[in-house]
Amino acid sequence: MPDRPTLDGLEAKWDAVWAEHGTYDFDRTAARADVFSIDTPPPTVSGSLHVGHVFSYTHTDLLARYQRMAGKSVFYPMGWDDNGLPTERRVQNYYGVRCDPSVPYDPSFSPPAEPAKEQVPISRRNFVDLCHVLTAEDEQVFEKVFRQLGLSVDWNHTYATIDDASRRAAQRGFLRNLARGEAYAQEAPTLWDVDFRTAVAQAELEDREMPGAYHRLTFSGVEIETTRPELLPACVALVAHPDDERYQPLFGTTVTTPLFGVTVPVLAHPLAQPDKGTGIAMICTFGDTTDVTWWRELDLPVRSVIGRDGRILPTPPEGVAAEPYAELAGKNVKQAQKRIVELLAESGDLIGEPKPITHPVKFFEKGDRPLEVVTSRQWYIRNGGRDATLRERLLERGAELTWHPSYMKTRYDNWVGGLNGDWLISRQRFFGVPFPLWYPLDEAGELLYDQPLLPTEAQLPIDPASDVPEGFTEDQRGVPGGFVGDPDVMDTWATSSLSPQIAGGWEDDPDLFGRLFPYDLRPQAHEIIRTWLFATVVRAHHEHDRLPWSDAAISGWVLDPDRKKMSKSKGNVVTPVEHLDKHGSDAVRYWSASARPGTDTAFDENQIKVGRRLAMKLLNASKFALAFPEPTPGEVTDPLDRALLEALARVVEEATTAFASYDPSRALERTETFFWTFCDDYIELVKSRAYGEQGASACRALRIALDTLLRLFAPVLPFATEEVWSWWQDGSVHRAAWPTTDGLKTGGDPAVLDMAGEVLAQVRKAKSNAKTSMKTPVTSLVITDSAERLALVSLAQGDLVNAGVVETVTLVEGEPAIEVTLGEAPPKQQ
RNA sequence: GGGCGUGUAGCUCAGCGGUAGAGCGCUCGCCUUACAAGCGAGUGGUCGGGGGUUCGAUCCCCUCCGCGCCCA
């Protein structure tokens, strides 16, 4: 036991010991009933660690540590989400390369020493290799911080969403979805990011308020208003609300588009808004998702004018006049709009001046330009968006799940209820899990999409860009009568939605999987309920016909001290490592643990300091309690000591209930309150007695209480508690049993401690008011109260006399009052 | 515009039908042999506004306002 205990260095010291002893290793011989399995969120490793990570991962760790002490074998893996766009962008910039799937794989490739000015095109496989190299470095940084933070992860169980096991699981899952008809490919209008050149799923959209302008155009005298005049050549109809009397006479007639001279019908549809613009709108293929709905429901033709690069296509759609169109071809949307407005003004078809407005426009959440709608072939997984029966089943799954806090379920219900299409899982990108299939080419070189060539599950993972289907050779790739691989990769969520299967060794290690699945806990943040949580439910529903876990614990967000969301662009991001270094991990964990589950929390360095104070106090109080000679075995006999243990028994009950109901913050609050009373009142009261010959009862109580408190604090303060534990106990506190009330229920009356505390407070108050030392003697202490309460005082009278330096005590029955008479202050010591 | 959450002492937050709580801050003290990165005491709130239910509301209901997230 050190003379001057310190928190410094405890993280490195104990992390090493825990690793060496396998303190947090999962016992894979444990039966399912004795396992607590956690579907840990895999953080995106291409960014830096955010204080929000520290916050929410601590919440999970608190539950893991509680369950471990409560006797479970805890399966607490760690995953890294390293596939997808963020990694691609990093690799491109870091190495100066770009992926070109048409380049053949070069086994001897090594990246340029310095990033070239012109990005070097490399094969998909080489590009993916570089992604692996870079993410491996990032993952080490993350692991280091998580270890410093004291996460009780079993580091033998890690995965990355791009590693072999993940790709195998994702491809296997997809092939099974395909075989059962849950996955399908379709040529359809799709939201498209023209910069990333990829399709985007509903869950990745966000609306942004953008400036625009209403342009009033005349179609054979019918005036419409549009924010996208550049789509005029893509116009296929006009539409008004069926009840709109102004336009009812026109329904069924046709009008002619200005400039391009295309005859289009005037139609009725309830989605048309009579109060918007002139009440009649032009339908283009495709300006937005409403156009898609109209196009589908009104059975309209396609006149595409925007290419996948966001520019006007070189040739006009059939029936569109070539002359004015040529002026637009090749221009981007902004340029085309400028030019067509000029042309419309010249022709007299533009009525008045454009009216500036701001309106919500759909963006890819990572994108910089508005999304366009293009027609392309994409893969989907059925998620109830087009199937009311499946949607109902998935809503029932949400109801089967136990949500912490319970109101988070509403977000799931709202999302599932509002789905309007299936889940688009294909991306026209490179660093992702490839779709594991090929297509034969007929003699004319046409792809036979309806006859895909599939690998067996035993062959997985495969890359159809470099692997060859059964019965073909590489030289048949891309030639008539040969084959081509599916060019797309899966969206990140299509892999991470299988995190329980990936982490648990689904099919690869059935024995392990059987001990984990379905998992006990999915911890995660609330903003990805609609993506990660829902997607995981969908996959498990299809694959296993059950929920992937019984409980979901949803963390809140960390906001900046002004309650604003932290974001790099605002420059208000708090980096966690400096706080871990400065205040210690236990202190930061204390701040995290103080937040109620699901509640957003403002970052508050003050709370971290309070946590450090608590951890420090724990070291000092422990040192003091353990400095008394080890008591002989025996009973705790003194009424005050028994009162303490009885009060502690209630804390144990409350903390246990709180942890079992996924509320560590409550457990901490109760434990902490008790602990300060223990230090400030109880220890002060029993100090003198514990030193003396009659001290055995107090010394026993001190040790019992300390033992219990260390266990109660262990989940929150793993380093300080382990340090103290090592002074006088064997093994790790983190493998010790969660405390029970056995040994605390001594039949004592907690009121004895309360009453003694009240009297002590009055004595201290008198000394404070007199601005004198606490050592100043009390010549007379007169306590007036009911007989019942006086009896409580008398049970602790000896300790009160010692702690208060009281010379005479008088107990009187009557109206409650405490009278303190002070003597001379003792001389000051040097 | 909709959904969910939230609004309690200067700050961060507990409490959630029966006379307002903690920590921090601030003020005043105390070298008290575990801890001066400590200890003791004090200070501080018409519980966002307005209605309603109730013997009684911070707590339940309605409505408005602010903030956060998600969605349109």
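Order of the sequence lines fixes the chain letters, A, B, ..., with proteins taken first and strands second; residue numbering starts at 1 for each chain. Computation of the quantities below employed the complete heavy-atom set of this structure, encompassing side-chain atoms and omitting hydrogens, waters and symmetry-equivalent molecules.
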Exercise for the section: Please state the C1' separation for the pair B:C24 and B:G2 - nearest whole angstrom. Expected result: 39 Å
Exercise for the section: Rounded to whole angstrom, note down the P distance from B:G38 over to B:G68. Expected result: 35 Å
Problem - Salt bridge present between A:D680 and A:R764 (N-O < 4.0 angstrom) - result: no
Practice task
Hey, could you give me the CZ/CG distance between A:F363 and A:D207, rounded to the nearest 0.5 Å?
Solution key: 9.5 Å
Handout entry: Parallel, tilted or perpendicular: ring planes of A:F628 versus A:F624, cut at 30 and 60 degrees
Key = perpendicular
Fill in the blank from the handout: Under a 4.0 Å heavy-atom criterion, the protein footprint on nucleotides 21-29 of chain B, written with B, S and -, is --SS---SS
Practice task
Provide the distance between the two P atoms, one in B:U27 and one in B:U33, to the nearest whole Å.
Solution key: 26 Å
Practice task
Give a yes or no on whether a salt bridge exists between A:K617 and A:E672, defined as a side-chain N under 4.0 angstrom from a carboxylate O.
Solution key: no
Problem - Rounded P spacing from B:G15 to B:G48 in Å - result: 15 Å
Practice task
Can you tell me the distance, in whole Å, between the CG atom of A:L614 and the P atom of B:A37?
Solution key: 18 Å
Handout entry: Residue A:N620, side-chain heavy atoms: nucleotide from B:C35, B:A72, B:G5 that is nearest
Key = B:C35
Handout entry: Salt-bridge present (A:R391, A:D387; N to O < 4.0 Å)
Key = no
Handout entry: A:D8 with A:R612: basic N within carboxylate O range, under 4.0 Å
Key = yes
Practice task
Would you mind classifying the nucleic acid contact of A:E672 as base, sugar-phosphate or nothing, using non-hydrogen atoms under 4.0 angstrom?
Solution key: nothing
Problem - Gap in Å between the two P atoms, one belonging to B:C26 and one to B:C65, rounded - result: 38 Å
Exercise for the section: Show your reasoning for whether side-chain contact (heavy atoms from CB on, under 4.5 Å) applies to A:V574 and A:V558. Expected result: CA-CA 10 Å; A:V574 174; A:V558 180; over 6 Å; no
Exercise for the section: Mind checking the OG1-CD1 spacing from A:T492 to A:I425? Nearest 0.5 Å is all I need. Expected result: 12.0 Å
Problem - Separation of atom CG in A:D8 from atom P in B:A37, rounded to whole Å - result: 14 Å
Practice task
Counting heavy atoms from C-beta on, name the nucleotide in B:U12, B:A34, B:G5 closest to the side chain of A:Y407.
Solution key: B:G5
Fill in the blank from the handout: Separation of B:C35 atom C1' from A:R612 atom CZ, nearest Å, is 13 Å
Practice task
Take atom C1' in B:C16 and the same atom in B:C61, then report the distance between them in whole Å.
Solution key: 15 Å
Exercise for the section: Ignoring backbone atoms, establish whether A:Y691 has a side-chain N or O less than 4.0 Å from OP1 or OP2 of B:A34. Expected result: yes
Handout entry: Contact under 4.0 Å: A:R530 side-chain N or O vs B:C71 OP1/OP2
Key = yes
Problem - Contact under 4.0 Å: A:K765 side-chain N or O vs B:G42 OP1/OP2 - result: yes
Exercise for the section: Using a strict 4.0 Å threshold on nitrogen-to-oxygen distance, state whether A:E722 and A:K13 make a salt bridge. Expected result: no
Handout entry: Whole-Å gap separating P (B:A14) and CG (A:D663)
Key = 10 Å
Problem - B:C11 versus B:G25 - spacing of their C1' atoms, nearest Å - result: 7 Å
Exercise for the section: Specify the separation, in whole Å, of atom CG of A:D288 and atom C1' of B:A72. Expected result: 13 Å
Practice task
Could you tell me the separation between the NZ atom of A:K409 and the P atom of B:G5, rounded to a whole number of Å?
Solution key: 13 Å
Problem - Check ion pair A:R397-A:E400 (N to O, under 4.0 angstrom) - result: yes
Problem - Under 4.0 angstrom between A:K617 side-chain N/O and B:A37 OP1 or OP2 - result: no
Exercise for the section: Indicate, with a heavy-atom threshold strictly under 4.0 Å, whether A:A621 touches base, sugar-phosphate, or nothing. Expected result: base
Exercise for the section: Select base, sugar-phosphate, or nothing to describe what A:D413 touches, counting heavy atoms under 4.0 Å on all strands. Expected result: nothing
Problem - Protein-nucleotide distance (A:L760, atom CG; B:U32, atom P), rounded to Å - result: 17 Å
Practice task
For nucleotides B:U8 and B:G45, find the distance between their P atoms and express it as a whole number of Å.
Solution key: 15 Å
Practice task
Please confirm whether A:R613 makes a cation-pi placement over A:W676, using NZ or CZ under 6.0 Å from the six-membered ring centre and within 45° of the ring normal.
Solution key: yes
Practice task
With RNA chain B as reference, determine whether A:K687 or A:R666 sits nearer its 5' end, using the nearest nucleotide of each.
Solution key: A:R666
Handout entry: Protein-nucleotide distance (A:L685, atom CG; B:U32, atom C1'), rounded to Å
Key = 14 Å
Completion exercise
Side-chain contact check for A:I683: nearest option of B:A34, B:C69, B:A36 is B:A34
Exercise for the section: Looking only at side-chain atoms of A:E527, point me to the closest of B:G3, B:C69, B:A41. Expected result: B:C69
Problem - OP1 or OP2 of B:C69 under 4.0 Å from side-chain N/O of A:R411 - result: no
Handout entry: Side-chain N or O of A:R764 closer than 4.0 Å to phosphate OP1/OP2 of B:U32
Key = no
Problem - Canonical and wobble pairing (Watson-Crick, G-U, under 3.5 Å) of RNA chain B, dot-bracket with | - result: ((((((((.[[[[.)..(..]]]]((((((.......))))))....[[[[[..)....]]]]]))))))).
Practice task
Identify whether any heavy atom of A:W403 sits under 4.0 Å from a base atom; if not, whether one sits that close to sugar-phosphate; answer base, sugar-phosphate or nothing.
Solution key: nothing
Problem - Test: A:R522 and A:D551 ion pair at under 4.0 Å - result: no
Completion exercise
The answer to which of A:D681 and A:W557 contacts RNA chain B further toward the 5' end, by nearest nucleotide, is A:D681
Practice task
Tell me which nucleotide among B:C4, B:G40, B:G15 gets nearest to the side chain of A:T410.
Solution key: B:C4
